[in-house]
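Heads up: the structure comes next, in structure tokens.
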Amino acid sequence: MSGGLNRAPAQDMADEPTPVVLDTDIGSDIDDTWALAHLLRSPELDLQMVLTATGNTRYRGRVAAKFLATAGRTDVPVALGPSGEAAHEYQKPWVRDYQLDDYAGPVRENGVSAFIELVRAADGPITLIAIGPLPNVEAALDRAPGIASKIHFVGMQGSIDRGYGAGSDPVAEANVKGDVDAFRTVLRADWRSFAIAPLDTADPVALTGDHYQKLKRSDDPMLTALFANYRLWADRVTWTEVGYFDERSSTLFDVVAVYMAYSREHLDVEAIPITVTDDGITRRDEDGIPTRIAIEWTNLDAFYGHLTRRLLSE
């Protein structure tokens with residue numbers, strides 16, 4: 001990777017909103033839907049494409065498209081990555097009667113090509129927010145490696161000093177474990193800048209108390225859709241028991257990557273060299289690739305207030 005560690009992120013260099021592409025496996029864990037809502041309510045970011053990754057990418061595209069339509073953002077293209085092995089579709093009832101033909105905005109069937117075209121056509125840098133496994137990004141780099149120099153990469157990947165749950169040891173984080181080779185390819189690429197939010201800062205994030213209740217009570221159409229999807233997910237998810245819908249959110253891993261695309265005010269971001277094991281564990285390694293990593297929160301409570309106000313458009 002080149003001098004990305006010494007370059008400022010795109011949002012620090014521009015007076016206009018930062019052009020952004022969201023690469024997402026929306027429709028499995030509900031945190032992707034929270035992240036999309038966060039992005040749509042962030043005026044510093046100009047969402048130019050949602051690119052769906054892994055599993056049934058058409059189903060994921062339907063979830064993204066209906067959510068964008070509900071939020072009044074049918075200007076945003078929905079691009080479909082290659083489909084793969086079937087994955088969890090917990091939000092499927094929400095789109096049972098909604099097809100991509102119903103979306104008033106652009107739909108791109110070859111999402112990787114559409115992403116490459118967007119980056120090449122852009123006048124300046126693009127910020128890529130990646131919140132799932134990375135086969136789309138690997139495919140784009142394989143076809144057009146030169147695009148990396150125009151991209152600020154911000155991802156929710158990895159586990160450096162913490163795993164899932166307070167006090168836990170590092171683990172193979174799901175987005176890395178889902179495609180280890182893709183993450184290795186992405187880690188080595190010559191990005192304009194490269195930063196990740198690992199479990200160290202992503203795993204602690206959940207809204208509770210007044211913050212959560214204000215959002216849950218809102219009659220804002222986008223938030224109503226968000227909570228409808230959260231309710232469906234809570235009732236259907238198989239990897240955890242969700243008996244807390246009325247009290248708090250699930251873990252909002254992916255909102256941290258969105259936050260990092262426009263601010264790092266409440267985060268301690270360090271340059272840490274890492275390598276990746278064959279089973280997907282991201283390890284500190286003095287001979288590894290230097291990576292900007294949001295390693296801990298400096299003020300998580302302040303972030304909760306910020307996120308709540310942002311989602312409420314306050």
Side-chain angles (χ1 to χ4, degrees), residues 4-24 26 31-51 64 67-68 71-73 75-76 115 118-119 122-132 137 150-158 175 191-198 200-202 204-205 207 211 215 222-223 226 249 252-271 291-314:
L5 287 174
N6 299 315
R7 294 175 184 259
Q11 66 275 7
D12 292 340
M13 300 185 291
D15 295 327
E16 298 297 320
T18 299
V20 165
V21 171
L22 181 69
D23 183 67
T24 174
I26 193 170
D31 62 327
D32 292 72
T33 310
W34 283 86
L36 178 55
H38 181 192
L39 201 167
L40 291 171
R41 290 286 162 86
S42 296
E44 304 89 344
L45 305 178
D46 175 16
L47 181 58
Q48 300 200 348
M49 177 180 290
V50 174
L51 175 59
F67 197 82
L68 289 165
R73 290 298 309 274
D75 59 300
V76 177
F115 171 61
L118 186 154
V119 175
D123 292 334
I126 296 287
T127 293
L128 172 62
I129 304 174
I131 55 175
V137 186
K150 290 187 69 175
I151 296 173
H152 295 283
F153 180 99
V154 183
M156 191 280 113
Q157 285 92 24
N175 290 339
W191 304 102
R192 194 175 186 94
S193 69
F194 184 88
I196 59 173
D200 304 67
T201 46
V205 177
L207 290 170
H211 296 309
L215 297 171
M222 187 193 75
L223 293 179
L226 174 62
S249 73
L252 303 182
F253 303 98
D254 293 337
V255 301
V256 187
V258 174
Y259 180 62
M260 288 183 72
Y262 66 86
S263 177
R264 299 174 189 183
E265 179 182 0
H266 301 306
L267 289 165
D268 179 10
V269 179
E270 297 181 12
T291 304
R292 286 206 177 276
I293 296 175
I295 197 64
E296 63 181 75
W297 289 97
T298 58
N299 194 335
L300 182 54
D301 286 340
F303 171 71
Y304 288 148
H306 167 82
L307 177 61
T308 301
R309 292 188 297 273
R310 185 143 289 205
L311 290 170
L312 290 169
S313 297
E314 293 181 349

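Position 1 is the first residue of the sequence; numbering continues from there.
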Is the backbone N or O of [Y] less than 3.5 Å from a side-chain atom of [X], with the two atoms forming a donor-acceptor pair by type?
X    : Y    : result
R41  : L311 : yes
W297 : T201 : yes
Q157 : G132 : yes
T127 : A261 : no

Let me see the working for F67 and I26 under side chain to side chain contact (heavy atoms under 4.5 Å, CB included), right down to the final yes or no.
-> CA-CA 11 Å; F67 197 82; I26 193 170; 5.5 Å; no

Residues two or more places apart in sequence or in another chain: which of them pass salt bridge (charged side-chain N to carboxylate O under 4.0 Å, His left out) with R309?
-> none

Which atom of [X] lies closest to which atom of [Y], heavy atoms considered:
X    : Y    : result
N299 : A302 : OD1-N, 2.9 Å
P198 : I196 : CD-O, 3.5 Å
L215 : T308 : CD2-O, 4.0 Å
A197 : M260 : CB-SD, 3.7 Å
Y262 : H38  : OH-NE2, 2.8 Å
P19  : P125 : CG-O, 3.4 Å

Report yes if the side chains of [X] and [Y] come closer than 4.5 Å at any heavy-atom pair, otherwise no.
X    : Y    : result
L267 : Y259 : yes
F303 : V255 : yes
L40  : L68  : yes
T18  : H152 : no

For A257, enumerate each residue passing the side chain to side chain contact (heavy atoms under 4.5 Å, CB included) test, keeping only those at least two apart in sequence or located in another chain.
-> I129, I131, V154, M156

With rounding to the nearest 0.5 Å, note down the distance linking [atom1] in [X] to [atom2] in [Y].
X    : Y    : atom1 : atom2 : value
E16  : D123 : CD    : CG    : 12.0 Å
K150 : L118 : NZ    : CG    : 9.0 Å
D23  : F115 : CG    : CZ    : 7.5 Å
L223 : S313 : CG    : OG    : 7.5 Å
L312 : L307 : CG    : CG    : 9.5 Å
D200 : I295 : CG    : CD1   : 4.0 Å

Under the side chain to side chain contact (heavy atoms under 4.5 Å, CB included) criterion, do V137 and L51 qualify, and how do the steps go?
-> CA-CA 10 Å; V137 186; L51 175 59; over 6 Å; no

Of D254, D32, T33, the one forming a side-chain hydrogen bond (donor to acceptor under 3.5 Å, both in side chains) with T24 is D32

Could you walk me through whether L128 and V119 pass the side chain to side chain contact (heavy atoms under 4.5 Å, CB included) test, one step at a time?
-> CA-CA 10 Å; L128 172 62; V119 175; over 6 Å; no

In sequence, state the C-alpha distance, the side-chain angles, and the governing distance for F253 and N175, and then conclude on side chain to side chain contact (heavy atoms under 4.5 Å, CB included).
-> CA-CA 11 Å; F253 303 98; N175 290 339; over 6 Å; no

Can H266 and Y304 be said to form a ring-ring contact (aromatic ring centres under 6.0 Å, His included), step by step?
-> CA-CA 10 Å; H266 301 306; Y304 288 148; over 10 Å; no

If the plane angle is over 60° it's perpendicular, under 30° parallel, otherwise tilted; pick one for F194 and F153.
-> parallel

